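Below: the structure, in structure tokens.
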Amino acid sequence: MALERIRDLEQSFKSRDGNVYEWKAPSRWLYRYERDRGAVGMETGPGTGEFLWYVLDKNDLTTAKRRVFELINEDEF
């Protein structure tokens with residue numbers, strides 16, 4: 001099941017300092033944005049804690065959400 005809108009992303013975690021955000025895809029895969037890294041990661045397996053990282057062109061939350069949205073929709077098709 002693909003997402004239709006960015007606001008459909010289910011945020012599951014936000015660090016107190018706002019440097020780390022996590023979202024769960026409808027398929028339950030975990031996606032993570034780390035501001036310090038300037039990248040979005042897709043978990044390589046459920047509960048592994050290992051991520052495949054994608055460096056962002058612009059390091060901000062809006063760009064990170066867009067990239068996560070794209071990754072989820074690519075993975076779902």
Side-chain angles (χ1 to χ4, degrees):
M1 179 174 98
L3 297 175
E4 294 183 23
R5 299 174 307 221
I6 289 177
R7 72 176 134 181
D8 292 339
L9 287 173
E10 178 187 336
Q11 183 175 315
S12 59
F13 175 79
K14 175 185 174 188
S15 65
R16 290 181 191 244
D17 59 5
N19 284 325
V20 177
Y21 292 82
E22 291 181 349
W23 299 273
K24 290 225 180 216
S27 61
R28 306 316 297 163
W29 288 99
L30 184 66
Y31 293 82
R32 180 181 186 118
Y33 166 55
E34 292 185 8
R35 187 180 314 271
D36 293 342
R37 189 184 293 255
V40 167
M42 181 177 124
E43 194 173 32
T44 59
T48 64
E50 297 178 15
F51 292 84
L52 178 59
W53 293 99
Y54 300 89
V55 177
L56 300 172
D57 293 331
K58 187 176 176 188
N59 188 12
D60 65 9
L61 184 58
T62 300
T63 304
K65 284 181 178 179
R66 285 185 187 132
R67 186 63 176 130
V68 167
F69 179 80
E70 291 168 3
L71 288 170
I72 289 171
N73 283 335
E74 286 173 13
D75 188 47
E76 297 293 328
F77 284 113

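Source: prediction; values computed, not measured. Only heavy atoms go into these numbers, but all of them, side chains included; no hydrogens, no water, no symmetry mates.
- Salt-bridge annotation for Glu43 and Arg28: absent, with no side-chain N of the basic residue lying under 4.0 Å from a carboxylate O of the acidic one.
- In this structure, CZ in Phe69 is found 8.5 Å from CD in Glu4, a value given to the nearest 0.5 Å.
- When atom types are taken as modelled, the side chain of Asn19 and the backbone of Glu34 share no donor-acceptor pair closer than 3.5 angstrom.
- Within 6.0 Å of CG in Asp17 there are more than 12 heavy atoms belonging to other residues, nucleotides or ligands.
- Among all heavy-atom pairs drawn from Ala25 and Tyr31, the shortest one is CB-CE1, 3.7 Å.
- Here the side chains of Val55 and Trp53 are not in contact, with every heavy-atom distance at 4.5 Å or above.
- Scored by the salt bridge (charged side-chain N to carboxylate O under 4.0 Å, His left out) test, Arg66 finds no partners at all (sequence neighbours excluded).
- Residues Val68 and Lys65 are not in side-chain contact: their nearest non-hydrogen atoms beyond the backbone lie 4.5 Å or more apart.
- To the nearest 0.5 Å, the span separating NZ on Lys24 from CD1 on Ile72 amounts to 11.5 Å.
- Listed by first and then second residue, the ring pair (Phe, Tyr, Trp, His ring centres under 6.0 Å) pairs involving residues 3-23 amount to none (not counting sequence neighbours).
- For Arg35 against Leu61, the heavy-atom pair with the smallest separation is NH1-N, 4.4 Å.
- Among all heavy-atom pairs drawn from Leu30 and Ser12, the shortest one is CD1-OG, 4.0 Å.
- Taking each heavy atom of Thr44 and Phe51 in turn, the nearest pair found is CG2-C, 4.0 Å.
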| field | Derivation of the side-chain hydrogen bond (donor to acceptor under 3.5 Å, both in side chains) call for Asn59 and Tyr33 | value | CA-CA 10 Å; Asn59 188 12; Tyr33 166 55; 2.7 Å; yes
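- Counting heavy atoms from C-beta outward, Leu3 and Leu9 have side chains that approach closer than 4.5 Å.
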